S.K.: 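Questions regarding the structure given below will be posed in turn.
Computed from a prediction, not measured in an experiment: that's the story for all the values here.
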Amino acid sequence: MGTERGTPGEPPGASMEGPLTLQGTIEVVTFTSTETLYSVLRVRPEDGQDLPSDGLFRPARITAVGRAPGPEVGQRVRITGSWEEHPSHGKQFSFDSLELLAPADTEGLVAYLSSPTFKGIGPTIAQRIVDRLGESALEAIREDPSCLKGIRGLKEETAAALARALESSLGAHKALAWLRSLGLGPGQSARIHTALGDKTEETIQEDPYQLARIVEGIGFATADRIALGMDFSRDDPRRLAAGLLHTLRRSADSGHTFLAEPALLDEAAGVLDLEDCGAALRGELAALRSSEAVIIEGENEEGRRVYLPHLSASERGLARQLNELLSVSSLGPLATADQLSAAEASSGLELHTDQRSAVLGLLAEPVGLLTGGPGVGKTTIIRLVVDLAMAAGAKVALASPTGRAAKRLAEATGHDASTIHRLLGWDPHKRGFQHDNDSPLEADLIVVDEISMLDVVLAYHLAQAVSPKTRLVLVGDPDQLPSVGPGHVLSDLLTSGVVPVHRLTEIFRQGAGSLIVHNAHRVLAGELPVLPEAGDRSRDFYFFPAEAPEECAELLVDVVTKRIPDTFGHDWMEDVQVLAPIYKGACGVDILNTRLREAQGLGGTQLERGDKVWRVGDRVIQTRNDYEKEVFNGDLGRIIEADAKDGLVVRFPERDAGYALAELGDLSPAYAITVHRSQGGEYPVVVLPMVTQHHVMLQRNLLYTAITRARALVVVVGSRRAMERAISNTEQAERTSYLTERLRALDASPPD
């Protein structure tokens, strides 16, 4: 079969409408991934096909790249795709689909059967199989493996292995072709087949909505499109159940630990685009409850709380564990007032009354909470608490939710600190933490910083691992943005009144001269920042006006790449972090990342995947917790290797991590990141675009969080009206959580 379009000699990369189809035999499998199915093949094209040439010769082999399940030397294939020019590897055929074909003749059939694919079968045995079964040998073996009996020299176990291999190969290709027929892309199809294997078609035919629960990266919308395309009714019970679970998961992504039943039913009806379905949804909700796919609590029928099981367990377990820790009365203080005075004198410090009270309280209480904004001395208090505890012989552990925050904690105290995940120790075999109630952390004092970032699930696992003999000190700023994950832990702890709180409010000498500190507190008070006089280049907070988004983006790139380096001497590629309120728009994260990377001008090795380009030297951010790699949501790194077959290697502060092609979705460019993703981080310089088009996210706590991420310099670029709007907007999206009520109830009725 010839190509469907194109003319003889037309080079790769030339304009050719529609897909091209080629046939040939795989002669070399250069690379294949069992996980992603991405393969690099050398294919010998069949005669009579139009292939690109330089006018002098026709290539004997072509390089073909794409996803194929188990490609093997000797397979005859039909591939559909297009020619492209790879910057490193030259001309290659990028295929979207690969179909297995029967060998073209008996010679090809013998070559295929004697290939390394089928162990124990050489050319002689292969020839005997073909002599016995003819050109339809493959079909005959798949239909009835017993047809191989009696072939001289063919062992029984070898014949059985041959039949299994042929069946598996055909099944994988059929499954992949079937998935593509459902409108799924090659990447989606590969992930589904990897997850479901031989039962791919059977599982989906039975319930396509299982895809959203089983296969990472496949959501409700995709599963719903497949199901409706297979003539599932819109009120099918499986669809209703999937809509309810999707609604709960979406609410968790927005920070809620539960949804009230009426809200859940209303939102699910909207997701399903159904009217008058309340009774049917309530029925499916009851079924989900019976199967423990959801947890329902509360006595009021109209206000019952509906949880995903892990969120119910986390919220309930966190309240119970904190209450048990707070009830411990046998721990004596780790330091006296006189010992604190001696530590002050030796350090040249003179603490405020509130600071002294905080140090002594945190060293005496089983659980204590230290809060306050920038410049109030939280770092000083933490350092003194750690030093005094260690002087008393206590074993101290320090942790923060992210690697960046842990590094700051280590620098502040002079002692090692880790992420909470690393402190708890992830066990990949049992897919859980090593430290829990049965194996608590061995420490006398645990200090956890930046707990505004702590979601209810991680907080529960942490509390589980704290034994009654261990003090727990929690440190955070309640005016920061809440955690990315579900829950509002710091706010709930403060509201409950159950945990002893030491709140610092007075700004001390080290922050008094800083406009960053001063303006952060002004923003909290609802006041506009104080700006330096024109021409003053000695301060640490500046504002560059620009009204239109495009104008703002142009100015921001100039400020980042030229003005800041020229005026303040900062290396913008290392020291400057752009924090944007949203992803979209001219001043959003996505476009600013593209513009800043172009301004950086790095060349060299790169990897293209779809519409994304990954380049050696690029700054990237991890977007989900990966326990096996020990890389977590919000960790920043740089790409140090990029390969079209093997993926990327990223250098993070604590380790290098490899990313297969299927894992690239866990990374995002990070020249610009959202303010939410900056939580727990500290950067020498923060540049913040603010335009009225960001109105949805212009909030006081967002601006405050952005300002407090900077150590040496803040530059706001944009509209004064946008900044005024952010400062005046104190509304925050409410998060549903029942942690406060649980803490209070347990405090009123402590456990036996």
Side-chain angles (χ1 to χ4, degrees), residues 34-38 66-70 96-99 167-168 170-253 259 264-294 306 308-310 610 624 662 665:
T34 56
E35 181 181 356
T36 68
L37 308 187
Y38 180 78
R67 287 185 172 87
D96 293 322
S97 67
L98 180 148
E99 178 186 355
E167 185 62 35
S168 176
L170 181 64
H173 283 275
K174 283 184 174 179
L176 211 58
W178 183 72
L179 290 169
R180 296 301 306 278
S181 74
L182 298 178
L184 292 161
Q188 292 175 313
S189 300
R191 284 197 298 275
I192 292 170
H193 186 261
T194 299
L196 302 179
D198 294 340
K199 296 186 178 298
T200 294
E201 189 167 350
E202 176 187 339
T203 300
I204 295 174
Q205 292 279 13
E206 179 184 339
D207 183 1
Y209 295 101
Q210 292 185 69
L211 291 173
R213 299 194 294 273
I214 297 172
V215 184
E216 188 171 343
I218 304 295
F220 172 79
T222 299
D224 194 40
R225 177 178 57 77
I226 292 171
L228 295 178
M230 294 168 61
D231 294 328
F232 275 61
S233 66
R234 299 182 66 81
D235 59 355
D236 186 289
R238 290 165 291 187
R239 183 171 189 261
L240 300 183
L244 287 165
L245 290 173
H246 170 70
T247 303
L248 279 175
R249 293 190 191 103
R250 190 173 64 175
S251 78
D253 290 340
L259 277 181
L264 170 61
L265 297 176
D266 286 347
E267 290 183 30
V271 166
L272 296 164
D273 193 23
L274 290 174
E275 297 180 357
D276 301 324
C277 62
L281 283 174
R282 279 191 289 273
E284 286 309 311
L285 184 59
L288 288 171
R289 183 186 193 183
S290 297
S291 66
E292 298 184 341
V294 301
V306 186
L308 293 171
H310 74 288
R624 75 173 185 90

S.K.: What's the verdict on side chain to side chain contact (heavy atoms under 4.5 Å, CB included) for L184 and I226, showing C-alpha distance, side-chain angles and the deciding distance?
M.R.: CA-CA 9 Å; L184 292 161; I226 292 171; 3.8 Å; yes
S.K.: Could you check L285 against L264 for side chain to side chain contact (heavy atoms under 4.5 Å, CB included), going step by step and ending with a plain yes or no?
M.R.: CA-CA 10 Å; L285 184 59; L264 170 61; 4.0 Å; yes
S.K.: Identify the two heavy atoms, one from T247 and one from A268, that lie closest to each other, and give their separation to 0.1 Å.
M.R.: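 Scanning both residues, the minimum pair turns out to be OG1-CA, 3.4 Å.
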S.K.: Give me the atom names and distance for the closest heavy-atom approach of A269 to C277.
M.R.: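 So the two residues come closest at CB-SG, 3.7 Å.
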S.K.: I need the W178 CH2 to E201 CD distance, nearest 0.5 Å.
M.R.: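 CD of E201 is found 5.0 Å from CH2 of W178.
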S.K.: Quick one: CD1 on I192 to CG on L211, what's the gap to the nearest 0.5 Å?
M.R.: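 The CD1 atom of I192 sits 4.5 Å away from the CG atom of L211.
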S.K.: Given side chains that start at C-beta, do those of V294 and L244 come closer than 4.5 Å, heavy atoms only?
M.R.: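 Side-chain contact under 4.5 Å: no.
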S.K.: I need the minimum non-hydrogen distance between L98 and A68, along with the two atoms involved.
M.R.: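 L98 and A68 have their closest heavy atoms at CD1-CB, 4.0 Å.
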S.K.: Do the non-hydrogen side-chain atoms of Q188 and L179 ever get within less than 4.5 Å of each other?
M.R.: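 No - every pair of side-chain heavy atoms lies 4.5 Å or more apart.
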S.K.: Output, in order, the C-alpha distance, side-chain angles, deciding distance and verdict of side chain to side chain contact (heavy atoms under 4.5 Å, CB included) for Q210 and I218.
M.R.: CA-CA 10 Å; Q210 292 185 69; I218 304 295; over 6 Å; no
S.K.: Apply side chain to side chain contact (heavy atoms under 4.5 Å, CB included) to V271 and D224, showing your working.
M.R.: CA-CA 11 Å; V271 166; D224 194 40; over 6 Å; no
S.K.: Using a 3.5 Å distance criterion without hydrogens, assess whether the side chain of R250 forms a donor-acceptor pair with backbone atoms of L245.
M.R.: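 Not a single qualifying donor-acceptor pair exists.
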S.K.: Shortest non-hydrogen contact from E292 to P309?
M.R.: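 Heavy atoms only, the tightest pair is O-CG, 3.4 Å.
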S.K.: May I ask you to say whether D207 pairs ionically with R213, meaning some side-chain N is under 4.0 Å from a carboxylate O?
M.R.: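 Salt bridge: yes.
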S.K.: For residues I204 and L196, determine if any side-chain heavy atom of one lies less than 4.5 Å from a side-chain heavy atom of the other.
M.R.: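 In short, these two side chains touch, coming nearer than 4.5 Å.
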S.K.: Heavy-atom count around Q205 CD within 6.0 Å, excluding the residue itself: above 12?
M.R.: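 Yes.
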S.K.: Could you measure the distance from the CZ atom of R239 to the NE2 atom of H246? Nearest 0.5 Å is fine.
M.R.: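 Taking CZ in R239 and NE2 in H246, the distance rounds to 11.0 Å.
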S.K.: Are any of the side-chain heavy atoms of L274 and L281 separated by less than 4.5 Å?
M.R.: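 No, every pair of side-chain atoms sits at 4.5 Å or beyond.
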S.K.: Nearest heavy-atom pair of A223 and Y209: which atoms, and what distance?
M.R.: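 Closest pair (atom of A223, atom of Y209, distance): CB-CA, 4.0 Å.
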S.K.: Side-chain atoms of residues 227-236: list all donor-acceptor pairs with protein atoms under 3.5 Å, sequence neighbours left out, distances to 0.1 Å.
M.R.:
residue	atom	partner	partner atom	Å
S233	OG	D235	OD1	3.1
S233	OG	D236	N	3.2
R234	NH2	L272	O	3.4
D236	OD1	R238	N	2.7
D236	OD1	R238	NE	3.1
D236	OD2	R238	NH2	3.0

S.K.: Work out which heavy atom in A241 is nearest to a heavy atom in L288; give both atom names and the distance.
M.R.: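 What the structure gives for the nearest pair is O-CD1, 4.0 Å.
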